[in-house]
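These numbers were taken from a predicted model, which means no experiment stands behind them. Throughout, a chain's letter reflects where its sequence line sits, starting with A, and its residues are numbered from 1.
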Amino acid sequence: MNNIKYCSFPETPKAALAALLDRRAEAMAVAGGTLVAKTLPDSVTHFVGLKKLPYRHIVKRGGDLVIGALASFDDIDRSRLTRGWAGGVLSMAAARCSSQLIRNMATIGGNIARPHSFNIFPAVLEGLDAGLRIISRSGIRTVPFSAVYLPDFRLKPGRDCVILEIIIPGKTRNWLCRFEKFARTETSWEAYFSLFMAAGVKAGVVREARVAVGALSPKPFRALSAEKFLRGRALSSASAAEAALELERDLDQLRAGDFRKEAAAALFGRFISSLSGERPGVKR
Amino acid sequence: MKKNYSRLEASGGFFEITLLVNGTKREFRVKNGEFLLDALRRYGYKSVKKGCDTGDCGSCTVIVDGKPSLACLIPAFSAHGSAVTTVEGLGTMRAPHPLQTAFVEAGAVQCGFCIPGMILSAKALLDEVPDPSEEEIRKYLDGNLCRCTGYVKQIQAVKAAAKKKRGGKEA
């Protein structure tokens, strides 16, 4: 950080983008700063502070839930809207991030823009089919959250584009969801794994399922076999146990340690069982 | 692109910034690699403690624009224009803040290193929630680590201060 020569506080998305593009590779946008303040690259000479951008809202818009990129983890933890959406899974995840002091400062936008396997939100956003509203040289547009991990997504958030809003689609509003973080202590940032689980259930049958795992790979991992297994299946303790074993097989792709696979499967089995109202248990 | 934003420029590796510290507007001259924690201590606000310097211990807690924040993670120049509250702004030896009194009366202080941060976190909590539950207090203080005590007395102190703030009424 010793090389910072300029510091700007743009108040509009256009001004933020202008501040970034003005200096190209030497500029970096910073929101809460909890992930980057100590690790700014020496090449960065222009610090673009985003704290004055008016994007801290959490609102319903056109049936979707829209979260401003500058909403802090604490804002998301306490918001009535997020607590009432998809079983409150966004609040559940926000509350599991590190300590209150970090939750006061860290933002959801920063959690996406600075990729790290321990980040809380990517697995949740991947599972909820979230979209991102970004501004880049070509204007404001919405892209799927998962697109930022694709090789052909050439924009770097915070360097040549700015994330403005996170859009959670209306279809997820009544999904039954749960977020689990398996870590050494409650406030540990470094998790052994994190697990987002969701199911859309109608008349005791799973219509839609999502399982996304964080902290085991640089980008969130979708357990597609477990999801496929559950779709169209009637809820029961037997189907929960089989789905859990399917998740273990999915996690083999990541070469996850046995204890991680077993713990994730147990938590997943417990979640599915809770939906059926039967006693949880993974049969081996 | 048109430059439609204001910016600070470092001169000789230093930024000139303005902070509203404990209600008083002050000019600071800060190094470009300096964090708010070090800048505040250099300007005499010694209640802001340097513990881990990595955002883990909460000793450097200050209230920035109404929210308890970790001064060790805030580049000093980026705080330009912010309102900062330290324990120096809460009470004095002769007229302590009710939280300070409650901490002393409850015996919540041993070495005292973590206490300024803990009191600022507790103040922000009581400003938001006048009658917090024990669970809420524990959650709100979970970033302020204490290596002397078991947190029991401190939680009792926050409860006592909350009760006093409500005029002695039970929640």
Side-chain angles (χ1 to χ4, degrees), chain A residues 1-24 27 30-40 42 44-53 72 74-75 77-78 95-106 137 185-189, chain B residues 1-15 17 30-36 53-82 117 120-121 124-125 128-129 136-145:
Chain A
M1 211 171 65
N2 293 327
N3 295 331
I4 300 290
K5 293 187 177 75
Y6 305 97
C7 173
S8 58
F9 303 103
E11 294 179 27
T12 64
K14 274 189 179 174
L17 188 68
L20 283 175
L21 298 183
D22 181 35
R23 289 272 158 176
R24 302 293 294 175
V30 179
T34 53
L35 275 173
V36 289
K38 294 280 183 188
T39 55
L40 277 180
D42 286 345
V44 174
T45 59
H46 192 148
F47 182 102
V48 182
L50 298 180
K51 66 180 180 182
K52 289 189 178 173
L53 284 187
S72 70
D74 187 57
D75 295 334
D77 178 10
R78 286 159 185 256
R96 300 297 303 277
C97 172
S98 202
S99 70
Q100 181 67 44
L101 294 162
I102 294 287
R103 291 192 292 273
N104 287 343
M105 299 168 71
R137 190 179 276 279
T185 66
E186 189 68 24
T187 55
S188 295
W189 180 57
Chain B
M1 276 210 175
K2 196 181 162 192
K3 281 182 195 170
N4 50 354
Y5 54 89
S6 60
R7 72 179 185 188
L8 294 172
E9 189 170 345
S11 169
F14 285 85
F15 283 97
I17 64 165
V30 297
K31 286 177 220 156
N32 53 5
E34 194 170 22
F35 283 82
L36 183 61
D53 210 21
T54 55
D56 291 303
C57 76
S59 304
C60 65
T61 303
V62 291
I63 298 177
V64 179
D65 296 328
K67 280 283 182 189
S69 306
L70 294 156
C72 72
L73 292 184
I74 302 174
F77 57 78
S78 77
H80 175 57
S82 296
L120 288 170
S121 285
L125 170 65
E128 276 181 50
V129 188
E136 282 174 308
I137 298 171
R138 283 187 181 276
K139 187 177 172 192
Y140 216 84
L141 299 186
D142 71 359
N144 294 94
L145 303 186

Task: Heavy-atom proximity to chain A below 4.5 Å, by part of B:Thr61 - done: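 Side chain of B:Thr61 only, per the 4.5 Å heavy-atom cut-off to chain A.
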Task: Region of B:Asp53 that comes under 4.5 Å of a non-hydrogen atom in chain A - done: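 It is both, since atoms from each part get that close.
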TODO: Could you walk me through whether A:Lys5 and B:Asn32 pass side-chain contact (heavy atoms from CB on, under 4.5 Å), step by step?
DONE: CA-CA 7 Å; A:Lys5 293 187 177 75; B:Asn32 53 5; 5.7 Å; no
Closest approach of [X] to [Y] (non-hydrogen atoms, all atoms of both residues):
| X | Y | result |
| --- | --- | --- |
| B:Gly143 | A:Ser99 | CA-CB, 3.4 Å |
| B:Ile74 | A:Met105 | CG1-CE, 3.7 Å |
| B:Ser78 | A:Cys7 | CA-SG, 4.4 Å |
| A:Gln100 | B:Asp142 | N-OD1, 2.7 Å |

- [ ] Tell me, for A:Asp74 versus chain B, whether the close heavy atoms (under 4.5 Å) come from the side chain, the backbone, both or neither.
- [x]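 Only the side chain of A:Asp74 comes within 4.5 Å of chain B.
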TODO: Under 4.5 Å heavy-atom distance to chain B, tell me which part of A:Thr187 shows up: side chain, backbone, both or neither.
DONE: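 The side chain, not the backbone.
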For chain B, which of [options] has the most heavy-atom pairs under 4.5 Å?
| options | result |
| --- | --- |
| A:Ala19, A:Ser98, A:Ala95, A:Gly33 | A:Ala19 |
| A:Glu186, A:Lys52, A:Arg103 | A:Arg103 |
| A:Phe9, A:Tyr6, A:Phe47 | A:Tyr6 |

Task: Stepwise side-chain contact (heavy atoms from CB on, under 4.5 Å) test for B:Leu73 and A:Lys38 - done: CA-CA 7 Å; B:Leu73 292 184; A:Lys38 294 280 183 188; 3.8 Å; yes
Task: Options B:Lys31, B:His80, B:Lys139, B:Glu34, ranked by heavy-atom pairs under 4.5 Å with chain A, top entry - done: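 The residue among B:Lys31, B:His80, B:Lys139, B:Glu34 with the greatest pair count is B:Lys139.
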Task: Contact winner vs chain A - B:Cys72, B:Ser11, B:Gly81, B:Gly58, heavy-atom pairs under 4.5 Å - done: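 Greatest number of close heavy-atom pairs with chain A: B:Cys72.
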TODO: Salt-bridge test for A:Asp75 and B:Lys67: reply yes if a basic N is under 4.0 Å from a carboxylate O, no otherwise.
DONE: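 Looking at A:Asp75 and B:Lys67, the cut-off is not met.
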- [ ] Could you tell me whether A:Arg78 and B:Glu128 have a side-chain N and a carboxylate O separated by less than 4.0 Å?
- [x]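 Result for this pair is yes, salt bridge flagged.
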Open item on the list: For a 4.5 angstrom cut-off between non-hydrogen side-chain atoms, does A:Lys51 reach B:Val64?
Closed with: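 No, too far: nothing below the 4.5 Å cut-off.
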TODO: With the side chain counted from C-beta on, respond yes when B:Phe15 and A:Ile4 share a heavy-atom pair under 4.5 Å apart, and no when they do not.
DONE: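 Heavy-atom side-chain distance check passes, below 4.5 Å.
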- [ ] Give a yes or no answer on whether the side chain of A:Asn104 reaches the backbone of B:Pro68 with a donor-acceptor pair at less than 3.5 Å.
- [x]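 Yes; at least one donor-acceptor contact below 3.5 Å.
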Open item on the list: Working note: B:Ser121 + A:Leu101, criterion side-chain contact (heavy atoms from CB on, under 4.5 Å); need CA distance, chi angles, decisive distance, verdict.
Closed with: CA-CA 8 Å; B:Ser121 285; A:Leu101 294 162; 3.9 Å; yes
Open item on the list: Tell me if the CD atom of B:Glu136 is crowded by more than 12 foreign heavy atoms within 6.0 Å.
Closed with: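 Atom CD in B:Glu136 is packed in, count exceeds 12.
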